[in-house]
Every structure is written in structure tokens, then in C-alpha cells.
Amino acid sequence: MNSQGNTPEIVTDEERIQRVLNTGTVTVQVRESMERKLRSGRQLRVKMGFDPSAPDIHIGHAVGMRKLREFQDLGHKIVIIVGDWTAQIGDPSGRSAQRRMLTAEEVQANAQTYLDQFFKVVDDNPEKVEIAWQSSWFGDFDLADVLRLTSKFTVAQMMAREDFRTRFESESPIGIVEFLYPLMQAYDSVAVHADVEMGGTDQTFNLLVGRDIQREMDQKPQDILTVPILAGTDGVQKMSKSLDNYVGVTDEPNDMYGKLMSIPDTALDEYLILAANLPASEIDTLRTSLADGTGHPRDIKDKMAASVVATYHGEAAADGARQAFQRVFQQGQVPDDIEEFSVAYPATIVALLRAVGFAGSNNEARRLVQQGGVRIDGERVEDTDAELTFDTPIVLQAGRRRFARVLPGV
RNA sequence: GGGGGGAUGCCAGAGUGGACAAUUGGGCCUGGCUGUAAACCAGGUGCGUAAGCUUCGGCGGUUCGAAUCCGUCUCCCCCCA
């Protein structure tokens, strides 16, 4: 978005700087150093890495992207590390589900998907972004290089990481390679001469190792900034695909909007800060009205949700999603883009439900009817066994959100 | 190399010869209340209209009768070396 090739002007306005450092962040280390860099008027290199081993990206990943965008808006250059090299090696870390090795092609495809989504959030002005492939420096690393790198660090230093310490104390295994990952990530910082590195709070240790290794290799240590982990749509657990509480960046507009509207109010403030893609002043206004009760949570949620949909699908899609949502859920009307099926009549309601895929078995279909969840053209269906015949299209509904149009067929 | 413990429905996890289609919790579905919030309440959640049928890792056996006992195979976990 809005790319221009000219050299960016560095913003050193104190209020803007403080906002970047204070809003939607967890820690800034080292604070004084970071402030000094931002005030200096020099274009900083702000690094963030991503792991292309999983192609599914959700808006939790976008939290960091949005913060990167803020740095760009101050005129700085973001440096995206594509972790293609480590992704191809696999990660045998203590996670229960072992990460398998990926082929170069898979990694490449995943990375491309990621970058496509990435540029929907960040500025693609080449003066403000640089993509760095990790394999370009690790590809020809030899054993001597590895030893040189590992010699900079001790076991005691590694044990400072909480995860390692607790596993060591509980006598759970820690693979040697696991010690290498923080070092490799740290070396990335050396390779790209990072002034700042950003990451989720779970990355704190690795980010700090970057400082040590840079210092060891005669570079000025980067400052680090951590951003919170976004809660999922349940408002409690962190967003992840496996918990099915995520909003994927490639979700359909209506889906995306609906998921965002379903978050509990308790999570709304967090979503305003971390997910909503709105100007700072508007975020402030919305948060205030939410906090003091002058704004209706539903309306605030709508602005948040629409802004996210607009980010990935455009304003028109966001408007469309909002209207569809209002029509279906607030007014109980039928959505306009429902799937169509043809059915040969006469047919039982059970047969209809199965034909459109609302029920996987006859029992399930009957259950839906008995529980009052089935409607035809808005009229509740009471009888499980009736033979039905329609010579015009009908709208079949199961529960509140499943709709299908059934046409008379042969 | 030696020893021990497991495998039950979407998940966790009871059940250890009949009353088990299988307790309970989570999830999910439906209804109610709503702002499709959340919370809460109620019901449901193998297949079959039904009679009934097929399930408790696989196969085989004992028994009138097995998720439960025996044999065997596959897979998982733990402890010792």
C-alpha cells in the first residue's frame, strides 16, 4: 500500500514516539536507548522474523505487523526475516507435535502467502521495507561458523530462559539443537544489522540473546520491543488454529466480520488496541466510550470488525459484511448469497436436510426438527415425517446461521 | 538390554463378565434470554421411522452372555541399565 520510492522523512515528534512505544506493547528494552535512537533522526532497521513452516496466518500474527507499520510511519525501515532455513531443518523442540521438515518449495509457497498478507498491513515502499531470507547467510555456514557462534554463549545463559529452566528442573528433555535456535535468531540480527527487534512476548529471551550476540560480534546491541499475544475469539486463550478460536487473514469477509463480532465484550478493548486497523485518535475515542459506557459495545465492535475486514478485503467488502450481518442476525432475515440446491419432490424434511448437508444422518435431521431448529421460509417445521412438495424455491434454515435455497428439481 | 503401565465415543476420562449405546466434564448442536455478545437456563449429541443393528486399538478364543476374562498382533507411555 501507498508506495513511493523517495527517501522517507524521519518523524521525531515525541508524542508519536511515545505512542509507538507505549500502545499495544508489553516491554521496551532498553527504554532509554530506544528513545534515543528514535529521536536521533536516523532511519532505524527494525527487524522481525517469521516462521514460514505454517501457511495459516491469523490476525494474531498481524499484531506485530501493525506495530511494524507504525515504525514505518515514523520513517523507519522494517526488515523481515524469512526463517526459510530453519523451516527446512524442522524444529524438534519440546512441543508435543513435532514440526516436520519442509521442502524448499513448501517453504517458498508459505513464505509467499505470508508476504502477500503482510503487505496488506505494512507499507511496501522499498525505502521502508526489506525482505531478508535467512538461507542467504546460513546457507553456507560451516561447522567452524557454528562453533564460533556457540562459543559466545554459555549453558548458564541458556538456562535463564524460563522454558529451559523449568524443563531442566523437571528433568524433561532439552535437545541440543534447541539451544541453537536462539543463537541462530540472534545471528539474524547480526546479519541484518538490526537496530530494533520486535516479537511476541514468547520471544523475549531470543530477542535478548540477539543483543548479547551482536555485542560479541562488535555491533551495537539492538533494542527490543515485545507485543502481546492476541486472545482468540473466546477472549481467553491465545489465538490459534488448533483451538479453533482464530480469525484467519484469508477468511471470507462475512466470516471474518462474524467471528470478530462474536468476541466477548471483555476482549474488545484488547482487540481495539491490537487488532483494529484504525487511526490512533479513533482508537482512543472508541476505547474511551467503551470504558465510560457512552458507546454501545456492539457499535464499537462493529467499527473494530469492519476495520479488520477492510484491511484484508477492502472497504466495500467490509460494508457488505456489516450489512449481511445486520440483515441475518439483527433482523433475522435471510442472507442474499446462499447456496442453492435442487430437490425432487415429494420429499420429507429429513431428506431435504440431508440433501443440503445440514444433517449427516437421518437421526440428526430428525433431531433438528424435534428441537425446533428447522424453518422453511421462516416457518418452523413441526412434523418430522411430512411429505413436502413445493413448486417454487424455498429457503431452508437450520439453526440460526445455516441457510440454503431449495429449488424444485427432477 | 531389563522391568512395568496403557490403548474406550470429537477430546479428556469412568467403567474391569450381565441392569452398558456405555457415568461425568469439555467441545459441538438446538431452543430460551440477548447485541449471532459473554454469562446463564433447558434439551440433545453411534446408525435405524421402528423392531433392531454396529461400537470400547486389530484378529482369534472362553462364556448362555465380554468394553470387562484368555491368547496374539500393532501402537503409545514410564522406570531401571
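Predicted model only: the values in this text are computed from it and were never measured. Every chain is numbered from 1, with letters handed out A, B, ... down the list of sequences.
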Before accepting this row, confirm whether a basic side-chain N of the pair [X]/[Y] lies closer than 4.0 Å to the acidic partner's carboxylate O.
X: A:Lys301; Y: A:Asp265; answer: yes
X: A:Glu35; Y: A:Arg39; answer: yes
X: A:Arg211; Y: A:Asp223; answer: yes
X: A:Asp319; Y: A:Arg322; answer: yes

Report yes if at least one side-chain N or O of [X] is closer than 4.0 Å to OP1 or OP2 of [N]; otherwise report no.
X: A:Ser361; N: B:G46; answer: no
X: A:Arg402; N: B:U30; answer: yes
X: A:Asn362; N: B:U49; answer: yes
X: A:Arg366; N: B:U49; answer: yes
X: A:Arg367; N: B:U49; answer: no

Once hydrogens and angles are ignored, does a donor-acceptor distance under 3.5 Å link the base of [N] to the side chain of [X]?
X: A:Arg401; N: B:U36; value: yes
X: A:Gln371; N: B:G43; value: yes
X: A:Asp299; N: B:G35; value: no

Practice prompt. Give the minimum heavy-atom separation between A:Pro8 and A:Glu127, together with the two atoms involved.
Written response: CD-CB, 3.5 Å
Rounded distance in Å - [atom1] ([X]) to [atom2] ([N]):
X: A:Gln397; N: B:U30; atom1: CD; atom2: P; answer: 10 Å
X: A:Arg327; N: B:U36; atom1: CZ; atom2: C1'; answer: 15 Å
X: A:Asp385; N: B:A50; atom1: CG; atom2: P; answer: 10 Å
X: A:Asn363; N: B:C47; atom1: CG; atom2: P; answer: 6 Å
X: A:Tyr257; N: B:U36; atom1: OH; atom2: C1'; answer: 11 Å
X: A:Gln370; N: B:C29; atom1: CD; atom2: P; answer: 19 Å
X: A:Arg354; N: B:U49; atom1: CZ; atom2: C1'; answer: 14 Å
X: A:Leu290; N: B:G35; atom1: CG; atom2: C1'; answer: 14 Å

Pick the [atom1] atom in [N] and in [M], then give their distance to the nearest Å.
N: B:U30; M: B:C79; atom1: P; value: 45 Å
N: B:G26; M: B:G43; atom1: P; value: 14 Å
N: B:U24; M: B:U8; atom1: C1'; value: 14 Å
N: B:G46; M: B:C41; atom1: C1'; value: 28 Å
N: B:A66; M: B:A21; atom1: C1'; value: 15 Å
N: B:C64; M: B:A51; atom1: C1'; value: 23 Å
N: B:C56; M: B:C69; atom1: C1'; value: 16 Å
N: B:C11; M: B:U62; atom1: C1'; value: 34 Å

Can you give the donor-acceptor pairs under 3.5 Å from side chains of residues 384-402 of chain A to other protein atoms, not counting sequence neighbours?
residue	atom	partner	partner atom	Å
A:Gln397	NE2	A:Gly399	O	3.0
A:Arg402	NH1	A:Phe358	O	3.1

Would you indicate what [X] reaches in the nucleic acid, counting non-hydrogen atoms under 4.0 angstrom: base, sugar-phosphate, or nothing?
X: A:Ile263; value: sugar-phosphate
X: A:Gly235; value: nothing
X: A:Arg380; value: sugar-phosphate
X: A:Thr266; value: nothing

Discussion item. Let me spell it out: for each of A:Ser262 and A:Arg400, pick the nucleotide of RNA chain B with the closest heavy atom. Which residue's pick is nearer the 5' end?
Written reply: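 Its nearest nucleotide being more 5', the pick is A:Arg400.
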Worksheet item: Between A:Val350 and A:Asp265, which is nearer to the 5' end of RNA chain B once each is assigned its nearest nucleotide?
Response: A:Asp265
Worksheet item: Which class fits the ring pair A:Phe141 and A:Tyr187: parallel under 30°, tilted 30 to 60°, perpendicular over 60°?
Response: perpendicular
Practice prompt. Could you check whether the rings of A:Phe325 and A:Tyr257 sit parallel, tilted or perpendicular, using 30° and 60° as the cut-offs?
Written response: perpendicular
Item to complete: Nearest 0.5 Å please: distance from the CG atom of A:Leu207 over to the CZ atom of A:Phe205.
Response: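 One finds 10.5 Å between CG of A:Leu207 and CZ of A:Phe205.
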Worksheet item: Dot-bracket for RNA chain B, 5' to 3', counting Watson-Crick or G-U wobble pairs under 3.5 Å, with [ ] for crossing pairs and | for inter-strand pairs?
Response: ((((((((.[[[..)..(.....]]]((((((.......))))))((....))...[[[[[..)....]]]]]))))))).
